[in-house]
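Down below is the structure, laid out as structure tokens.
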Amino acid sequence: MHSLKEWKFGLEKAKKYGICGLALQPADQDSFRPAIKLVCLALPDKSVYISDGREHGTDGAGEMILLLAALLEQRSIRKVIYGARPALSLIRDSAGRKINACNVFDLMLASQICWSGYYYLRPSGSTCHPWRRDVPDHSLASLAERHLGIILDGEGGEGDGGGDGGGGVDSAEEDNAEEDSAEEGDRNGDGLALKRASVLLPLHNILAELLARNGLEKIADLEFQVAASLAEMQGSGIHLECDQARGMVCREEYEICNLVSAMQEEARRKGFVTVSHDGKRLCCYLNPDRTEDVMAFLRRRGYPVSSTKAEILKGLAAAGCAFAEALLRYRRVCHQLTFLCSWLEKVSPVDGRVHPHFFQIQSSTGRISSRNPNAHQIPSTGEDASAIRRLFTPAEGKKFVKADFSTIELRIMARLSGDRVMLEAFKNGVDLHRLTASRISGVPIEQVTQAQRKAAKTMNFLLIYGGSARSLQSRILSDYGIFISSDEAEQARENFLSCYQGVREWQERQLSEMSFTVQHYFHNCIQGFFALPLTATTTIMGRRRIWPRFGAGIRASKFQMYNTPCQGTGADLIKLVMAEVYDKISSQEARIINSVHDEILLEVPEERAEEYAVKLKEIMERIGSELLHPVPVKAEVRIMKSLAE
DNA sequence: TACCAGCGCGCG
DNA sequence: ACCGCGCGCTGGTA
């Protein structure tokens with residue numbers, strides 16, 4: 001353990017070198033106030049300074065925190081961290097102010113970027129699916145072992161609390177999960193912390209080189225910046241009207257009971273009995289959650305169904321089947337109930353808000369994902385969606401500012417393919433759904449009906465996924481209840497592609513990319529740097545998704561080749577916006593609350609909502625139009641009193 | 001008991 | 001032969 005004075009000396013050296021490794025260990029979570037138990041500073045001369053994060057200087061409280069905050073904000077020193085997001089949250093919470101971190105290099109993110117989309121196939125016992133997918137592990141222990149040949153934890157010490165501790169649960173993205181272990185002997189804990197800190201800089205050299213060789217530096221810099229806004233989102237949380245939510249839960253439980261007994265009563269009346277697959281166990285109730293039961297009952301009623309999807313049940317309900325209707329209602333209400341419960345049980349006792357976890361590059365395309373609860377699936381299109389959205393409200397004296405990109409994936413497609421028709425349309429501000437409808441049906445653009453526009457919208461999105469005529473048909477049926485014949489669907493698809501020739505050609509190019517390989521660099525401690533030929537896709541910003549090749553097999557599907565650049569560029573864009581928003585408009589009072597792929601939600605002081613709304617819109621349209629130039633990008637922004645507005 | 005696959009559903 | 005994600009339920013298996 002070093003004194004504050006020695007630590008300051010370490011900082012001086014960091015300034016001289018222009019780089020340092022930084023590792024934090026939080027104190028027990030029990031205390032309401034955040035605290036840093038241990039802080040390690042690693043330098044290129046292999047020295048490591050280790051100190052207590054709660055260290056106070058002679059002149060007052062929390063001097064160590066002030067030093068850390070200043071270090072993060074010092075542009076001339078690169079901070080190498082494993083897991084920047086939890087570190088940033090910790091320092092921000094401890095310091096009680098926004099941190100404008102810069103020149104941070106996150107080893108975890110760097111590693112994920114280099115391996116994005118990659119997986120191994122491992123044989124599994126089952127005959128049905130003989131291969132299991134394994135994604136590479138990005139824990140610090142794995143990185144150290146893979147690139148340096150150093151075993152960080154594992155056997156080392158005497159058997160403590162077993163596998164639960166330091167070794168096992170090093171799941172890369174779980175906040176601080178790995179830190180909770182080394183409590184026991186301070187001696188032991190310090191030793192591990194020291195070891196972890198000492199691998200940071202050697203790993204940095206390798207991963208920085210790997211990023212450079214693969215042309216991923218731009219993406220990496222973006223991701224490093226985004227970490228701060230993700231920390232903010234997670235720290236801010238979302239406010240939920242708990243009392244009202246609980247009221248809804250009660251009403252829904254009651255309704256579910258009624259629905260279930262009604263369905264079971266009907267099944268009983270019709271003499272339905274559940275039989276287990278071996279024909280032995282009998283049950284007198286129909287379990288509506290059991291696909292097998294439902295299917296058997298519907299078949300007995302004379303409906304030869306192949307599945308119990310909502311799409312099919314809707315058809316039956318329309319034909320007068322009360323059971324199908326009840327089941328549909330049951331499923332919707334159940335879903336809402338579990339949704340509400342999952343949010344209610346995660347209300348934080350500290351601030352009464354829900355803090356969903358966000359995962360920065362969990363998705364192989366580069367999109368953010370969310371869990372516990374999933375902040376990306378707050379109902380929006382369903383019938384009772386607004387009843388639920390009303391429960392999400394800003395804090396006292398605040399307002400929501402919500403902005404989303406309009407038809408962003410189509411604009412990205414226009415930019416990627418350079419399709420002349422699409423480019424012209426967007427430049428002239430033409431509604432592309434209308435245009436598609438007019439081109440397909442042959443009517444002038446101003447005579448397109450609302451129904452035609454809707455169908456065209458479905459078609460446009462389907463195009464992004466490379467969908468077939470069959471999928472177009474079922475999508476239009478399930479979205480709008482409109483039935484079109486397969487001939488009509490095929491015709492529409494053909495018209496569509498001949499209308500946007502550039503897109504067709506782009507898709508053909510993407511298809512040929514599948515068999516064309518690029519050299520992608522890897523690194524391990526045995527072979528050093530080495531390249532392998534792989535199929536890959538690239539976004540406009542240069543984000544790369546790679547597919548492994550086993551023998552001559554090409555694992556990517558053509559749909560993935562079409563979709564990944566679109567979705568990935570969308571991810572690039574929203575991340576650029578998040579970084580800019582964090583930089584330019586967020587503060588302790590105005591915070592990013594949520595981000596759903598093409599949408600940003602802020603919670604801001606009521607009296608300044610208008611001003612923030614203008615700023616947010618400006619940022620989104622400016623950054624979007626820059627990235628997709630010459631395609632202009634539009635954003636729609638609104639100020640809301642709840643998510644239902 | 002824990003994990004895993006399949007289904008069905010929500011979001012984009 | 002439709003992209004990407006997470007979640008709850010069911011039922012089979014190590």
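Per chain, numbering begins at 1; letters A, B, ... match sequence-line order.
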Across the strands shown, which category fits A/Ala571 at heavy-atom distances under 4.0 angstrom: base, sugar-phosphate, nothing? nothing
So A/Ile368, base contact, sugar-phosphate only, or nothing? Heavy-atom distance under 4.0 Å. nothing
Which whole number of Å gives the distance between the P atom of C/dA1 and that of B/dG6? 14 Å
Between atom [atom1] in [X] and atom [atom2] in [N], what is the gap in whole Å?
X: A/Arg332; N: B/dG8; atom1: CZ; atom2: P; value: 17 Å
X: A/Trp547; N: C/dC3; atom1: CH2; atom2: P; value: 11 Å
X: A/Asn374; N: C/dC7; atom1: CG; atom2: P; value: 6 Å
X: A/Leu462; N: C/dA1; atom1: CG; atom2: P; value: 16 Å
X: A/Asn372; N: C/dG8; atom1: CG; atom2: P; value: 8 Å
X: A/Asp404; N: B/dC11; atom1: CG; atom2: P; value: 15 Å
X: A/Leu472; N: C/dC2; atom1: CG; atom2: C1'; value: 11 Å
X: A/Asp598; N: C/dC5; atom1: CG; atom2: P; value: 17 Å

Does a side-chain N or O from [X] land closer than 4.0 Å to OP1 or OP2 of [N], or not?
X: A/Ser342; N: C/dG8; value: no
X: A/Thr338; N: C/dC9; value: no
X: A/Asn287; N: C/dT10; value: yes
X: A/Ser471; N: C/dA1; value: no

Can you tell me if A/Ser348 uses its side chain to pair, donor with acceptor, with the backbone of A/Val354 under 3.5 Å? no
Is there a donor-acceptor pair closer than 3.5 Å between any side-chain N or O of A/Arg353 and the backbone N or O of A/Gly237? yes
Side chain of [X]: nearest nucleotide among [options]?
X: A/Thr308; options: C/dC3, B/dG8, B/dC9; result: B/dG8
X: A/Gln377; options: B/dG10, C/dC3, C/dC9; result: B/dG10
X: A/Ser380; options: B/dC4, C/dC5, B/dG12; result: B/dG12
X: A/Ala310; options: B/dC9, B/dC7, C/dC5; result: B/dC9
X: A/Arg367; options: B/dG8, C/dC2, B/dG12; result: B/dG12
X: A/Gln567; options: B/dG12, C/dC5, B/dC4; result: B/dG12
X: A/Ser557; options: C/dG6, C/dC3, B/dG8; result: C/dC3
X: A/Gln362; options: B/dG8, C/dG6, B/dG12; result: C/dG6
X: A/Asp289; options: C/dT10, B/dA5, B/dC9; result: C/dT10

Reading DNA chain C from 5' onward, which residue's closest nucleotide shows up sooner: A/Thr564 or A/Lys558? A/Lys558
Has the side chain of [X] got a donor or acceptor atom sitting under 3.5 Å from an opposite partner on the base of [N]?
X: A/Arg331; N: B/dG8; result: no
X: A/Gln560; N: C/dC3; result: no
X: A/Arg371; N: C/dG6; result: no

Do the numbers put A/Arg371 on top of the ring of A/Phe359, so that NZ or CZ is under 6.0 Å from the six-membered ring centre and no more than 45° off the axis? yes
Is the ring pair A/Tyr119/A/Phe550 parallel, tilted or perpendicular, if the boundaries are 30 and 60 degrees? tilted
For the residue pair A/Phe323 and A/Phe297, categorise the inter-ring angle as parallel (less than 30°), tilted (30 to 60°) or perpendicular (more than 60°). perpendicular
For the residue pair A/Gln362 / A/Ser369, report whether a side-chain donor-acceptor contact shorter than 3.5 Å exists. no
If we check side-chain hydrogen bond (donor to acceptor under 3.5 Å, both in side chains) with A/Arg545, which of these qualifies: A/Thr539, A/Thr365, A/Thr564? A/Thr564
